[in-house]
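Just so you know, these numbers come straight off a predicted model, no measurement behind them.
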Amino acid sequence: MPKADIHPTWYPDAKVICNGEVVMTTGSTSPELHVDVWSGNHPFYTGTQKILDTEGRVDRFMRKYGMASLDSSAGVKTEPEAKPEAGTTEA
């Protein structure tokens, strides 16, 4: 049994409100909970999640660290030209 006068009031049927409509009820110390996102409208749970690759960041990373595949739009990866050794001349 909890001590008297030290615990907040418990509301077993608190309303969770999203965009002006009650989406569910739960237990809380507040009679109403106003939320912006819940599992019913979150893209992860609704299956409408899109992964955006803005400015080709993934491709740029792959090229920078030498992980570009042969079927990428950047073309076939080429080896850098060999530099002549010091002290030798080319004709």
Side-chain angles (χ1 to χ4, degrees):
M1 189 76 184
K3 291 184 179 181
D5 301 326
I6 66 166
H7 294 282
T9 304
W10 181 254
Y11 299 94
D13 293 324
K15 298 174 185 174
V16 178
I17 300 171
C18 183
N19 296 330
E21 63 182 73
V22 176
V23 293
M24 62 190 259
T25 59
T26 187
S28 176
T29 57
S30 179
E32 290 184 349
L33 302 168
H34 295 271
V35 296
D36 294 327
V37 178
W38 68 292
S39 62
N41 68 357
H42 192 278
F44 179 80
Y45 296 106
T46 60
T48 59
Q49 183 176 15
K50 296 179 183 175
I51 298 174
L52 299 176
D53 181 20
T54 57
E55 301 175 8
R57 291 176 186 252
V58 172
D59 291 332
R60 189 173 69 209
F61 175 86
M62 298 295 266
R63 282 194 312 271
K64 181 177 179 179
Y65 293 103
M67 295 182 245
S69 63
L70 295 176
D71 61 340
S72 69
S73 61
V76 178
K77 185 177 171 184
T78 59
E79 294 293 323
E81 292 183 26
K83 294 181 181 178
E85 294 181 20
T88 61
T89 60
E90 293 185 26

Closest heavy-atom pair and its distance - Ala14, Ser30: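 Heavy-atom minimum between the residues: CB-O, 3.2 Å.
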Could you tell me which non-hydrogen atom of Val37 sits nearest to which non-hydrogen atom of His42, and how far apart they are?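 Of all heavy-atom pairs spanning Val37 and His42, the closest is CG1-CD2, 3.3 Å.
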- prompt: Hey, quick one: are Ile17 and Met24 part of the same hydrophobic cluster, counting side-chain heavy atoms closer than 4.5 Å, chains of contacts allowed?
  reply: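 Not linked; separate clusters.
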Hydrophobic clustering (ILVMFWY, side-chain heavy atoms < 4.5 Å, transitive) - are Trp38 and Val16 grouped together?
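Hydrophobic grouping puts Val16 with Trp38.
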Within a strict 4.5 Å, meaning less than it, do heavy atoms of the Tyr11 and Thr29 side chains meet?
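SC-SC contact between Tyr11 and Thr29 ruled out.
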Any non-hydrogen side-chain atom of Asn41 less than 4.5 Å from a side-chain atom of Asn19?
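Heavy-atom side-chain distance check passes, below 4.5 Å.
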Separation between OG1 of Thr9 and NE2 of His7, rounded to the nearest 0.5 Å: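 That separation rounds to 11.5 Å.
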